[in-house]
Amino acid sequence: MFAYCADPKSLEGLEWLSCYLTSGAHRLFYLSFGTVILLLLITAPVALLFGFGGAMASRSRFAPLRWFGRIYTSMVRGVPDIIFFLFVPIALDQAFEWLRAKVYCDPSVPIRQGNEFLVCPAAKLPLSTAPEWIHQAYGITLAVIAFSVVFGAFAANVLYGAMNAVPRAQLETAEAYGMSPRQVNRRILIPQMWTYALPGLSNLWMILIKATPLLFVLGVEDIVYWARELGSSKTNAYAYPHPDWRLYYFLGILVFYLLMTWGSERVFARIRRRLSSGQATAAGEAMRKAPA
Amino acid sequence: MKKLILAATAIALTSGAAMAAPVRIATEGAYPPYNLVNDQTGQVDGFEVELGNELCKRAQLECTWVKNDWDSIIPNLVSSNYDAIMAGMSITEERKKAVSFTQAYYPPNPSAYAAPTADTNVEAGVVAAQTNTIQAAHVAESGATLLEFATPDEAVGAVRNGEAEAVFADKDFLVPIVEQSGGAMVWVEGKDDIPLGDGIGMAVRQSDTELKDKFDAAIKSMKDDGTLNTLSKKWFGEDALQF
């Protein structure tokens, strides 16, 4: 980074620290914060979509769809997250490779050989020829799917409850105006349910933020990986030897998560105000009376 | 249209033949000087990385490095996430049941106990070691209470903060830690030279005999011309074990 960083062993004090904090490994550490935020930004809408699908399926008048929605929400919510995070990426990866092997490989070669799971090079996912970033992106994609399935189930339950909380009188009025069930859903039910769903969804968002260190369990090099790697004591084999500093690195991560959740709280408070205004709920009523 | 299809087939055929898939080698990146994450570049480095690159050159293979946790390093090899392991892994009968090993690229190296005092009784009390290592197996049999950690550094940390009375690990890994601890860590008397394992080798899938032969030949050629010994000295110091 800086010119004087060429020989780190000769540096002291602030100069040493400035070089240390801008070393290549540290830059990867800073980038990994981006990985976590990226994961949140992709997972939240995808999980919401899953949740929306699950909630709509649970309310469906078509029985098999309703069963599917109910089974999805109750099954996923009933399994510990970490089991799901360990299971889904491995299962998905092997399922994808198995399907590709059926298409691309010689069928006479068995995929399971003893304890080995072996597909021909053409069926590998990602291909061995792919650059390293594709391998990492693939790992993150599997993680996003696992997160979305889990949080989608919780979101489905929240949205299902919110849909049931919309006053029946509102829907009845819409029906009296001659709207079809689809129109009632789109024009009355969905716009009004958000105010009931928001407390549950904001809770989920907080839990999602706090669940991101599970990326580390999935082998993605996230902030926890780098904090542990950089914080562990370094001997003279390294350019910047230092004793065990994991405490400080984990403290930094703690502050990062606190800032993230604190910021989210503020955003949610604003959204809550907007959604409550004009609603026939206690919060809406309080807002109506406030200026008077 | 016909031309297009022809061209596409030609590209598909030749690209398959010309570009053999690179060999993906997994390492832990937390076991200096065998393998480590270089703090200046953030990339993997160490004895095994330099050796692996040279072996690939000699075997005319293109190689890429993958970082993987020690605990899942063998399961991920057999499920084909990568093709080989170079992670300071000792050749043992137990592991040979799951994977096959090339010939050793580092001779059988002693393990050692390090503790705050030289007279620590390592046959009783709490001893820290990295999980799934030959050292952990040895401690479990010795009568001491085994405390396992995911990384070797955490095992050393456990001794520093008093959680364990001693740590048991490869001597080559402990040497710089003991020397640079300023007396806080010393060798346990009479327990600093315990031979374990059959040397350190590269692990490949049992079905991958072709890759094993290629690396065996490359390791042999580096042993014959002495470059392997020079490389060992570079990373382990003048006292490095030699072939």
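Throughout, protein chains are lettered first and strands after them, A, B, ... in sequence-line order, and every chain is numbered starting at 1.
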Relative to chain A, which of B/Asp69, B/Val66, B/Thr64, B/Leu36 shows the most heavy atom pairs under 4.5 Å?
->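 Ranked by heavy-atom pairs under 4.5 Å with chain A, first place is B/Leu36.
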
Looking only at B/Gly157, B/Ser72, B/Ser79, B/Pro75, the option with the highest number of non-hydrogen pairs under 4.5 Å against chain A is B/Ser79

Have [X] and [Y] got a donor and an acceptor in their side chains that come within less than 3.5 Å?
X: B/Glu48; Y: B/Tyr105; result: yes
X: B/Thr120; Y: B/Thr117; result: yes
X: B/Asp153; Y: B/Tyr31; result: no

Of the backbone (N, CA, C, O) and the side chain (C-beta and beyond), which part of [X] lies under 4.5 Å from a heavy atom of chain A, both, or neither?
X: B/Gln206; value: both
X: B/Thr41; value: backbone
X: B/Arg24; value: side chain
X: B/Asn161; value: neither
X: B/Pro176; value: both
X: B/Thr151; value: side chain
X: B/Asn38; value: backbone
X: B/Asp83; value: side chain
X: B/Ala150; value: side chain
X: B/Gln180; value: side chain
X: B/Trp235; value: neither

Quick test of your reading of the model: are [X] and [Y] salt-bridged, counting only N-O distances below 4.0 Å?
X: A/Glu221; Y: B/Lys67; result: yes
X: B/Glu93; Y: B/Lys96; result: yes
X: A/Arg246; Y: A/Glu229; result: no
X: A/Lys102; Y: A/Glu97; result: no
X: B/Lys212; Y: B/Asp208; result: no

I'd like to know which of [options] tops the heavy-atom pair count under 4.5 Å against chain B.
options: A/Tyr240, A/Tyr20, A/Phe29; value: A/Tyr240
options: A/Asn236, A/Leu28, A/Asp244; value: A/Asn236
options: A/Pro121, A/Ala237, A/Pro241, A/Ser233; value: A/Ser233

Per-residue contact mode, A/Arg112 against chain B (heavy atom under 4.5 angstrom) =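 The answer is neither part of A/Arg112.
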
Under 4.5 Å heavy-atom distance to chain B, tell me which part of A/Tyr225 shows up: side chain, backbone, both or neither.
->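 When you check distances to chain B, only side chain atoms of A/Tyr225 fall under 4.5 Å.
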
Is B/Thr27 close to B/Trp65 at the side-chain level, that is, under 4.5 Å between some pair of heavy atoms?
-> yes

Parallel under 30°, tilted from 30 to 60°, perpendicular over 60°: which one fits the rings of A/Phe87 and A/Phe84?
-> perpendicular

Charged tip of A/Lys210 within 45° of A/Trp205 ring normal and under 6.0 Å | no

